[in-house]
Student: 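Structure provided below as structure tokens; questions to follow.
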2 protein chains.
Amino acid sequence: MRPGVSPDTFPPRGHEAKRLSIVDAAAGVFCREGFAGANIDLIAAEAGVSRQTVYNHHRDKEKLFIAVVRDLTERCNAGIFATIATFPDQPGDLEADLIGFAVRLNQNCICNRDGKFLRKLIQTEGERYPELFAEWREQGPGRTWPAIAARFARLAYGGHLTIDDPDVAARQFLGLVNAELQTTFMLGGTPCEDEVVQSATNGVRTFLRAFGKHPSPAGVKKHTALANA
Amino acid sequence: MRPGVSPDTFPPRGHEAKRLSIVDAAAGVFCREGFAGANIDLIAAEAGVSRQTVYNHHRDKEKLFIAVVRDLTERCNAGIFATIATFPDQPGDLEADLIGFAVRLNQNCICNRDGKFLRKLIQTEGERYPELFAEWREQGPGRTWPAIAARFARLAYGGHLTIDDPDVAARQFLGLVNAELQTTFMLGGTPCEDEVVQSATNGVRTFLRAFGKHPSPAGVKKHTALANA
DNA sequence: ACAAATTTAGACACCCTTGTCCAAATGGTC
DNA sequence: GACCATTTGGACAAGGGTGTCTAAATTTGT
């Protein structure tokens with residue numbers, strides 16, 4: 001197929017590019033209209049492609065849908081793991097660092113296009129494709145949550161936090177940090193940056209009040225690095 | 001229409017009963033299939049009614065959908081307020097009381113049939129009917145969240161909690177208490193009672209570690225009622 | 001420039017769904 | 001029993017969607 005791996009960004013410029021633009025357009029239409037309401041003609045038009053080309057790349061509507069979900073899952077997971085890599089291991093200002101991490105997670109993985117689309121498709125069609133979304137559950141939360149938990153465990157081991165169960169703490173961290181965005185998420189909206197920062201700030205403060213080392217009630221911050229597991 | 005307000009439970013037994021069973025069946029079908037995929041014939045069949053009867057009660061598919069959402073919103077709201085009335089104002093064991101409240105809220109309002117259906121419809125079709133779901137947002141979270149916040153404010157005023165912003169605390173309480181149910185909710189599932197209790201217990205414990213009066217680090221519980229705002 | 005692969009536009013058969021119409025059947029009320 | 005409203009089932013037109021097929025146009029690799 002390919003001559004010898006072209007040095008530029010897009011390998012087989014024509015064919016694969018169309019495949020991508022089809023899956024991309026399909027993601028948008030499936031999200032807006034739902035599986036039943038999605039129209040192949042519309043997907044083709046938004047992809048800038050003829051309807052027949054859609055059928056050439058994906059045998060039928062269902063196959064196309066599955067390709068969309070797999071694609072989104074893969075990209076979202078990559079983004080989440082990339083963000084987890086920025087988790088503050090040796091924090092200077094723990095509160096600020098955790099807020100930054102939470103904001104990055106939200107902006108880069110949950111509120112961006114892929115995250116929003118994947119969430120909507122899971123909510124909308126999750127029950128119709130049990131095995132497809134079971135796969136997502138394993139590859140997504142099943143791998144990312146423990147990864148975040150491991151980071152919190154490390155912070156606790158380093159004496160920066162007091163945590164009984166890192167898995168519970170990780171889930172609660174996510175719950176707290178998104179506490180003020182629930183309604184917006186429900187309705188499929190995208191919270192603006194201010195809202196994300198606000199929710200993260202409030203969430204992290206509460207999280208640290210529960211799991212932090214309580215530097216001082218007077219407001220002065222001193223951090224001593226001793227582990228007392 | 002009615003002869004003279006029949007003394008029994010169902011006023012015009014035939015007509016209104018059918019209206020209910022139609023809306024009921026429609027809720028189920030709309031949730032399973034989405035608006036576009038929902039089939040009026042199927043709704044009629046599940047309601048045990050002829051298709052024409054569906055059109056007699058609700059002019060068209062969209063009107064029927066709107067009736068379903070309004071119906072669910074109303075019933076869910078009633079349930080939530082009824083549960084808020086059981087919020088522990090003068091707690092004996094604050095932790096146990098808050099856990100109980102959280103479990104009731106989840107089991108009676110969020111995990112039950114109505115709650116599950118309403119959530120799904122909001123997620124699935126929220127963007128298609130902005131004004132309808134804006135109404136839900138005002139009547140639902142817009143009224144219930146402040147009501148919960150007021151209860152927490154009262155607990156704080158009574159010296160049982162230390163809370164800066166009761167609104168934030170209320171949202172975080174809900175976020176914490178549901179932290180472990182997110183994935184299940186996403187996929188449209190219904191968590192079993194054990195999961196609900198577990199999530200509520202972990203959530204309330206963390207909540208109290210952040211906002212509680214820290215009775216003692218040794219495990220003994222003494223509660224002094226003094227307000228130190 | 002040539003040959004192979006891919007894309008395109010259009011027409012097509014097939015099926016399903018919505019919403020309407022109507023005549024017959026049903027059910028409650030006096 | 002008679003009258004009223006409601007329900008029923010069936011037929012119906014209109015519209016829209018999926019997936020297939022074909023021949024012509026275009027792109028791609030050599």
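Residue numbers begin at 1 in each chain, while the letters A, B, ... track the order of the sequences. Computation of the quantities below employed the complete heavy-atom set of this structure, encompassing side-chain atoms and omitting hydrogens, waters and symmetry-equivalent molecules. It should be emphasised that the depicted structure is a prediction, and the values quoted were computed from it without experimental measurement.
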Student: Output side-chain donor-acceptor pairs under 3.5 Å for residues 100-108 of chain B, partner residues at least two apart or in another chain, one line each.
Tutor:
{"from": "B/R104", "atom 1": "NE", "to": "B/T86", "atom 2": "OG1", "distance (Å)": "2.9"}
{"from": "B/R104", "atom 1": "NH2", "to": "B/T86", "atom 2": "O", "distance (Å)": "3.1"}
{"from": "B/R104", "atom 1": "NH2", "to": "B/T86", "atom 2": "OG1", "distance (Å)": "3.1"}
{"from": "B/N106", "atom 1": "ND2", "to": "B/N178", "atom 2": "OD1", "distance (Å)": "2.9"}
{"from": "B/N108", "atom 1": "ND2", "to": "B/R104", "atom 2": "O", "distance (Å)": "3.4"}

Student: If an axis is fit to five pairs at each end of the helix from C/dA1-D/dT30 to C/dC30-D/dG1, what is the angle between the two, to the nearest 10°?
Tutor: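 Rounded to the nearest 10 degrees, the bend comes out at 40°.
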Student: Would you find a donor on one side and an acceptor on the other, under 3.5 Å apart, between the side chain of A/K61 and the backbone of A/N39?
Tutor: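 No; judged by distance alone, with no hydrogens or angles, the pair does not exist.
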Student: Please name all residues satisfying ring-ring contact (aromatic ring centres under 6.0 Å, His included) with A/H58, sequence neighbours left out, ordered by chain then number.
Tutor: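 So A/H58 forms no ring-ring contact (aromatic ring centres under 6.0 Å, His included) with any residue.
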Student: So which of residues 42-52 of chain B are in contact with DNA chain C, with a heavy-atom cut-off of under 4.0 Å?
Tutor: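 Hits under 4.0 Å, by residue number: B/R51, B/Q52.
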Student: Between D/dA11 atom P and B/D41 atom CG, what is the distance in whole Å?
Tutor: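 Answer to the nearest Å: 13 Å.
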Student: How would you list, by chain and number, every residue that makes a side-chain hydrogen bond (donor to acceptor under 3.5 Å, both in side chains) with B/R154, sequence neighbours excluded?
Tutor: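 If we apply the side-chain hydrogen bond (donor to acceptor under 3.5 Å, both in side chains) test to B/R154, skipping adjacent residues, there are no hits.
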Student: For the side chain of A/D114 and the backbone of A/C109, is there at least one donor-acceptor N/O pair under 3.5 Å apart?
Tutor: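 A pair under 3.5 Å: no.
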Student: Look at B/T53 and D/dT8 and indicate whether a side-chain polar atom (N or O) is within less than 4.0 Å of OP1 or OP2.
Tutor: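 Looking at the OP1 and OP2 atoms of D/dT8, one of them is under 4.0 Å from a side-chain N or O of B/T53.
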Student: Of the residues in residues 54-64 of chain A, which ones touch DNA chain D at a heavy-atom distance under 4.0 Å?
Tutor: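 Here the set is A/Y55, A/D60, A/K61.
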Student: Return the value, rounded to whole Å, for the distance between atom CG of B/N39 and atom P of C/dG19.
Tutor: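 Distance check: B/N39 CG to C/dG19 P gives 11 Å.
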Student: Taking only side-chain N and O atoms of A/K18, does any of them lie within less than 4.0 angstrom of OP1 or OP2 on D/dT26?
Tutor: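 Negative; the distance criterion is not met.
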Student: Among residues two or more places apart or on two chains, list those pairs meeting ring pair (Phe, Tyr, Trp, His ring centres under 6.0 Å) that have a residue in residues 185-208 of chain B.
Tutor: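 For residues 185-208 of chain B, and leaving out neighbouring residues, the ring pair (Phe, Tyr, Trp, His ring centres under 6.0 Å) pairs sorted by first residue read B/F152-B/F207, B/F173-B/F207, B/F207-B/F211.
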Student: At under 4.0 Å between heavy atoms, what does A/A36 touch on the DNA or RNA strands: base, sugar-phosphate, or nothing?
Tutor: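 Since no nucleic acid heavy atom lies under 4.0 Å of A/A36, the category is nothing.
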Student: What residues form a side-chain hydrogen bond (donor to acceptor under 3.5 Å, both in side chains) with A/D24, not counting sequence neighbours?
Tutor: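 Scan of A/D24 (side-chain hydrogen bond (donor to acceptor under 3.5 Å, both in side chains), adjacent residues dropped) gives A/R113.
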Student: Within this structure, what is the CD-to-C1' distance between B/E16 and C/dG27, rounded to whole angstrom?
Tutor: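 Nearest whole value for this atom pair: 17 Å.
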Student: Who passes side-chain hydrogen bond (donor to acceptor under 3.5 Å, both in side chains) against B/T53, sequence neighbours left out?
Tutor: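 Residues passing side-chain hydrogen bond (donor to acceptor under 3.5 Å, both in side chains) with B/T53: B/S50.
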Student: Without placing hydrogens or testing angles, list every side-chain donor-acceptor pair under 3.5 Å for residues 193-200 of chain B, not counting sequence neighbours.
Tutor:
{"from": "B/E195", "atom 1": "OE1", "to": "B/C192", "atom 2": "N", "distance (Å)": "2.9"}
{"from": "B/S199", "atom 1": "OG", "to": "B/V177", "atom 2": "O", "distance (Å)": "2.7"}
{"from": "B/S199", "atom 1": "OG", "to": "B/E180", "atom 2": "N", "distance (Å)": "3.3"}

Student: Using atom types as modelled, flag every donor-acceptor pair under 3.5 Å from a side chain in residues 118-125 of chain A to any protein atom, sequence neighbours excluded.
Tutor:
{"from": "A/R119", "atom 1": "NH2", "to": "A/I110", "atom 2": "O", "distance (Å)": "2.5"}
{"from": "A/K120", "atom 1": "NZ", "to": "A/C31", "atom 2": "O", "distance (Å)": "3.3"}
{"from": "A/K120", "atom 1": "NZ", "to": "B/E127", "atom 2": "OE1", "distance (Å)": "2.6"}
{"from": "A/T124", "atom 1": "OG1", "to": "A/K120", "atom 2": "O", "distance (Å)": "2.7"}
{"from": "A/E125", "atom 1": "OE1", "to": "A/R128", "atom 2": "NE", "distance (Å)": "3.0"}
{"from": "A/E125", "atom 1": "OE2", "to": "A/F35", "atom 2": "N", "distance (Å)": "2.9"}

Student: Give every residue pair that meets the ring pair (Phe, Tyr, Trp, His ring centres under 6.0 Å) criterion with at least one member in residues 105-145 of chain A, sequence neighbours excluded.
Tutor: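 Counting only pairs at least two positions apart or across chains, the ring pair (Phe, Tyr, Trp, His ring centres under 6.0 Å) contacts touching residues 105-145 of chain A are A/F65-A/Y129.
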Student: Roughly, in whole Å, what's the span from CZ in B/F30 to P in C/dT17?
Tutor: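 Interatomic distance, CZ of B/F30 to P of C/dT17: 14 Å.
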